[in-house]
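Below, read A as the first sequence line, B as the second, and so on, with proteins coming before strands; counting in each chain starts at 1. Basis for what follows: all heavy atoms, side chains included, without hydrogens, waters or symmetry-related copies. All of these numbers come straight from a predicted model, not from anything done at the bench.
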Amino acid sequence: MINPQVRVRFAPSPTGYLHVGGLRTALYNFLFARKNNGKFVLRIEDTDRNRFVEGAVENLIAALKWAGLQYDEGPDISGPYGPYMQSQRLEIYHKYAQELISQGKAYYCFCTPERLEALREEQQRMKLPQAKYDKHCLHLSPKEIEENLNRNISKVIRLNVEPNKKIEFDDVIREHVEFDSNNVDDQVLIKSDGYPTYHLANVVDDHLMQITHVIRGEEWLSSTPKHVLLYDAFGWERPVFAHLPLLLNPDRSKLSKRQGDVAVEDYRDKGYLKEALINFVALLGWNAGDDKEFYYIDELIEKFSLERVNKAGAVFDLQKLNWLNAEHLRKKTDDEILEMLKKEIENSEYKSANLSDEKLLLIIQAMKERVTFVRDFIYSCKYFFEAPTDYEQKAIEKNWKEDTSLHLLRLKDEFEKLTNPSKEDYEQVLTQVAEELNVGKGKLIHPLRLAVSGQSTGPGMFDLLYILGKDEVIKRIKTAIEKIKALIK
RNA sequence: GGCGCGUUCGUCUAGUGGCUUAGGACGCCGCCCUCUCAAGGCGGAGAUCACGGGUUCGAAUCCCGUACGCGCUACCA
């Protein structure tokens, strides 16, 4: 055992945003760490200088924090194994690369990109099963190497892969996996710019940081033999590997930008709750073995295990995410929703609508069962924020009859007599008017709804009237009669 | 092409040799509730468990092969 305490890491490269697949990887690491009273480390794999993106690390950290995946050690949270940015650990990688060279397990390579390119083409022409480096520089004499080094020729350090060896390792999810070393290239360990490649850096860091379990995406499975070779070359104990299935597009290709949103930030901006996103993504490739689908993160921590992670990739299905979002939203208290709604209103066209908290709370209660997103409290019931400007054509045709105007006028007159009416008062009046007019209540309710909201659907009629308030209701009935009359003509 | 991994309703999945006429969830359809829409309740359609061989009294479950999909095959991670 590397360490009696579980230590896991999420090791993204800073591409500019957090991919939802990365979110799931981070989540599983987080859940595993919390479940086992271990530590969750964030390590930034920024060893590719060509792909440097300004502000990427900050975005990544912000997205992780938004999702609630707090790490114990990371670039901005110091720990005993820092620094946690690989670009700040260059000397360390060089030291270990030298150690490998001195043991003959790695070697300098001075080949030019042109020679490499030519080699590749040659191998392709010969229809070799696989393009591989030909170990040309492995056979340089010590003197030649010395000279090249002194002349400052561009160089890399390569792993010296012994041919004809079976490389095997165990994976919690895939069980036993085997590779033939003849299929493993002499991977570059240190690039000509002095930066390490992923393969060297991740092995060195995982060892130095005492990582016990490497939980990462399946795209890494094929390079794991290189990592295993490195652990063995250094004489280090291997961590437990767990390669997660990929997240897929609806057409089952790897989840990509081209087919929809992939950034956690996109979902956050669209109004998804972090609880829903976490819940959803947790279930993409894992389940507790029961029928439960609705989870808060604490329950996920309690139930999570790597053994129950699936092998096959999972399609990211927005419909189910939407359902979970609605479920989580409904479970929130009215006050919690109020705070979110007020922020949403601040960013909407109704910024200056000035509805009181009391009124907003009433809207929340009336609409809670009818929304998927917080912003639906505005956009699926705009009539609470402004008088309707037009009226659903279909509803007019269906519910606006010859005598409707008269009925509504009558209703309006009765409403006018009320002082400070309650929901019940409205209902009582309407029932009474319906009786006197000798019509069903529906005959009044449907056109009334249309008149005050412009729509044919919405919360209970009397809730609607009560929230709008007597004056507004009367005003809207009057305008509706006028406008709809004109529309029918 | 090579190597690796995978394959149960449209989608996420349960299932680890007999409990399975393959269960649940989302979505879809219908009914109930009802002033509408939701929510909720009830019900329905939907999977010859990729295909073909074995092993076994018995296989979605074990083995082999094939097909298909995906990943890797960089001085990217």
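- Here A:E175 pairs with nothing under the side chain to side chain donor-acceptor pair (under 3.5 Å) rule; sequence neighbours left out.
- The side chain of A:N322 places no N or O atom within less than 4.0 Å of a non-bridging phosphate oxygen (OP1 or OP2) of B:C26.
- Sequence neighbours left out, the pairs with a member in residues 115-126 of chain A that pass side chain to side chain donor-acceptor pair (under 3.5 Å) are A:R115-A:D134, A:E117-A:R120, A:E122-A:R125.
- Note on A:E414 versus A:R410: salt bridge recorded, some NZ/NE/NH1/NH2 to OD/OE distance being below 4.0 Å.
- Listed by chain and number, the residues in a side chain to side chain donor-acceptor pair (under 3.5 Å) with A:Q432 are A:E436 (sequence neighbours excluded).
- Screening residues 152-173 of chain A for ring pair (Phe, Tyr, Trp, His ring centres under 6.0 Å) gives A:F169-A:F241 as the qualifying pairs, with residues at least two apart or on separate chains.
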Legend entry - Contact letters for nucleotides 72-77 of chain B, in which S counts primed atoms plus P, OP1 and OP2 and B counts the base, heavy atoms under 4.0 Å: SS-BBB
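- Taking A:E178 as the reference, A:K166 meet the salt bridge (Lys or Arg N to Asp or Glu O under 4.0 Å) condition, with sequence neighbours excluded.
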Exercise answer: donor-acceptor pairs, residues 277-289 of chain A side-chain atoms, under 3.5 Å, sequence neighbours excluded:
from: A:N279; atom 1: OD1; to: A:Y295; atom 2: N; distance (Å): 2.8
from: A:N279; atom 1: ND2; to: A:E293; atom 2: O; distance (Å): 3.1
from: A:W286; atom 1: NE1; to: A:S305; atom 2: O; distance (Å): 3.4
from: A:N287; atom 1: OD1; to: A:G289; atom 2: N; distance (Å): 2.6
from: A:N287; atom 1: OD1; to: A:R308; atom 2: NH2; distance (Å): 3.2

Could you list the protein-to-nucleotides 5-8 of chain B atom pairs, N/O on both sides, closer than 3.5 Å?
from: B:C5; atom 1: O2'; to: A:R174; atom 2: NH1; distance (Å): 2.8
from: B:C5; atom 1: O2'; to: A:E218; atom 2: OE2; distance (Å): 2.8

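- Nucleic acid contact for A:F179: sugar-phosphate only, since backbone atoms but no base atoms lie under 4.0 Å from a heavy atom of the residue.
- B:G71 and B:G27 are spaced 29 Å apart, taking the P atom of each and rounding to whole Å.
- Look at the P atom in both B:C51 and B:U56: the space between them is 23 Å, to the nearest Å.
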At a cut-off of 3.5 Å, list every protein nitrogen or oxygen paired with a nitrogen or oxygen from nucleotides 65-68 of chain B, distance to 0.1 Å.
none

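- If you take atom C1' in B:U73 and the same atom in B:C64, they sit 28 Å apart, rounded to whole Å.
- Under the salt bridge (Lys or Arg N to Asp or Glu O under 4.0 Å) criterion, A:E275 pairs with A:K332, sequence neighbours left out.
- Among residue pairs with one or both ends in residues 280-291 of chain A, those qualifying as salt bridge (charged side-chain N to carboxylate O under 4.0 Å, His left out) are A:D290-A:K303; sequence neighbours excluded.
- For the C1' atom pair drawn from B:G69 and B:C31, the interatomic distance equals 41 Å after rounding to whole Å.
- Regarding contacts with the backbone of B:G24, every side-chain N or O of A:N287 stays at 4.0 angstrom or more from both OP1 and OP2.
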Inset, instruction - Give the intermediate values and the outcome of side-chain hydrogen bond (donor to acceptor under 3.5 Å, both in side chains) for residues A:N322 and A:T372. - result: CA-CA 7 Å; A:N322 289 343; A:T372 300; over 6 Å; no
Inset, instruction - Start with the C-alpha gap between A:F40 and A:F10, add the side-chain angles, then the distance that decides, and say whether ring pair (Phe, Tyr, Trp, His ring centres under 6.0 Å) holds. - result: CA-CA 8 Å; A:F40 174 47; A:F10 175 51; 7.1 Å; no
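- Separation of the P atoms belonging to B:U13 and B:C57 is 36 Å when rounded to the nearest angstrom.
- Ring centroid separation for the pair A:Y84 and A:Y71 does not come in under the 6.0 Å cut-off.
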Inset, instruction - At under 4.0 Å between heavy atoms, which parts of nucleotides 27-35 of chain B does protein reach? Answer with one letter per nucleotide, 5' to 3': B base, S sugar-phosphate only, - none. - result: S-------B
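- Going from the P atom of B:G43 to that of B:A25 covers 11 Å, rounded to whole Å.
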